[in-house]
Amino acid sequence: MASIAKNWLDALDALNPGHPVRIMNVCGGHERAISMAGLRKAIPDFIELVPGPGCPVCICPEEDVFEAIQLALNEDVILVAFGDMLRVPVNVPKREPRSLEQARAAGGDIRPIATPMEAVRIARENPGRKVVFFAAGFETTTAPVAAMLAEGAPLNLLLLLSARLTWPAVAMLLDSGEPGFAALIAPGHVSTVMGPEEWEFVADKHGIPSAVAGFRPDTLLAAMASVLRQLQNGQHFLDNCYPEVVRPGGNPAAKRQLQKVMRITDANWRGIGVIAGSGFTLNEAYAAHDARRQYRAYADDSRKRIGEMPPGCDCAQVVLGKMYPNQCRLYGVACTPRKPIGPCMVSDEGACRIWWSSGQRDNAWEGRKKRQSVG
Ligand code: SF4
């Protein structure tokens, strides 16, 4: 493996265009693999790897987290959510629970789960109670949630859905005219489900070289080499550097279940705003499983005004690749994984937490060595 990586690093050196090249890696899993392997230190200096909008917990609207907290506190329900969501902070007066974890301490029956099947099990074990599954995630998480309903979930299992598609956020950045990157590493897991074709617009419409990568250093390095070679040759296409897993058309069965259970809708992204066609909502046939229809009183539009990122938190800029995590003034100073202020420091897929966990401890502001802004 070491010699394969060395070969790729030599290949990257040979592709130096003589100026910096910013490459966005969309996926939180990619960012974790890159940071944990120390790839930023290993690759040539001319490559700037920018983490992108690949953390579903980070962009989950604050009003959705608030809605989940209120439901858990005020209704006789069991609220289940993937573990990361429990610590995501919302903006509330000091005396109120500011996360699902605090709501649990205040008496809410809130349980972390790791898979949709755990939600089904809890619903079956508690037939006399409603179980509300707060399901936030991108396509790879949402497909099994759709399968759970398509295959017949208990009627007492409801969904509080906060699911998102990844590509519309990248499309929004590209349509802005100032994407802040010259090439893209497209997400491997999402492409496995939805098909790599979903990312062809990056090259076809915007002329940006792109490559799908897996999660080992060699496949990430191969994707970097591919986009640099495309730039060098004046080409732009989508290269599949993860062919052992990512197949043309993706996973047809998973896509069929998604289509059967959910439809695409405009959706709010925390700190970013509404992105057209970037969310999922349940189809009419599954209305009986829709927590928002059964508990209408908890959807509170006024939260949209107060529910952005916490004061001083630059998560939105980090998610959009406009800042590196340690360019936030609070990084490692007031905000750490032990005491997170923003969602990017909570989630295992959040760039701030990943950077901190991988040993990146300097704050570019604190040390007065602020690097040049991304984008
Ligand atoms: S360091 Fe904390 S406050 Fe700053 S952007 Fe990251 S999560 Fe937000």
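Remember, it's 1-based here, ligands and their atoms both numbered in the order they're listed.
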**Q** Any Lys/Arg nitrogen of R40 or E31 sitting under 4.0 Å from an Asp/Glu carboxylate oxygen of the other?
**A** yes

**Q** Which atoms of ligand 1 are found less than 4.0 Å from any heavy atom of Y331?
**A**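 Selected atoms, number and element: 1 (S).
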
**Q** I'd like to know if atom 2 (Fe) of ligand 1 has an N/O/S atom from C315 within less than 2.8 Å of it, counting both backbone and side-chain atoms.
**A**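 So C315 does not count as coordinating atom 2 (Fe) of ligand 1.
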
**Q** Check this for me: does any side-chain nitrogen of one of D290 and R296 sit under 4.0 Å from a carboxylate oxygen of the other?
**A** no

**Q** Which atoms of ligand 1 are found less than 4.0 Å from any heavy atom of G342?
**A** 7 (S), 8 (Fe)

**Q** Enumerate donor-acceptor pairs with a distance under 3.5 Å from any side-chain N or O in residues 94-101 to protein atoms, sequence neighbours excluded.
**A**
{"from": "S99", "atom 1": "OG", "to": "E101", "atom 2": "N", "distance (Å)": "3.4"}
{"from": "S99", "atom 1": "OG", "to": "Q102", "atom 2": "N", "distance (Å)": "3.1"}

**Q** I need the contact type for C313 against ligand 1. Using non-hydrogen atoms and a strict under-4.0 Å cut-off, is it side chain, backbone, both or neither?
**A** both

**Q** Do R111 and E118 sit within salt-bridge range, that is, some charged N less than 4.0 Å from a carboxylate O?
**A** no

**Q** Between R293 and E284, does any NZ, NE, NH1 or NH2 come within less than 4.0 Å of an OD or OE carboxylate oxygen?
**A**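 Counted as a salt bridge, because a side-chain N and a carboxylate O are separated by less than 4.0 Å.
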
**Q** List every atom of ligand 1 that sits less than 4.0 Å from any heavy atom of C328, numbering the atoms from 1 in the order shown and giving each element.
**A**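 Atoms satisfying the 4.0 Å criterion: 1 (S), 3 (S), 4 (Fe), 5 (S).
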
**Q** In terms of side-chain geometry, is the basic nitrogen of R229 or D239 positioned less than 4.0 Å from the acidic oxygen of its partner?
**A** no

**Q** Taking only heavy atoms of D314 into account, list the atoms of ligand 1 that are under 4.0 Å away from them.
**A** 5 (S), 8 (Fe)

**Q** Using a strict cut-off of 4.0 Å, indicate which atoms of ligand 1 neighbour a heavy atom of C352.
**A**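 With C352 as reference, the close atoms of ligand 1 come out as 1 (S), 5 (S), 6 (Fe), 7 (S).
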
**Q** Please verify the inter-ring angle class for H206 with F201; under 30° counts as parallel, over 60° as perpendicular, anything in between as tilted.
**A** perpendicular

**Q** Counting non-hydrogen protein atoms only, what is the nearest one to atom 2 (Fe) of ligand 1? Give residue, atom name and distance.
**A** C335 SG, 2.3 Å

**Q** Looking at M345, which atoms of ligand 1 are within less than 4.0 Å of one of its heavy atoms?
**A** 7 (S)

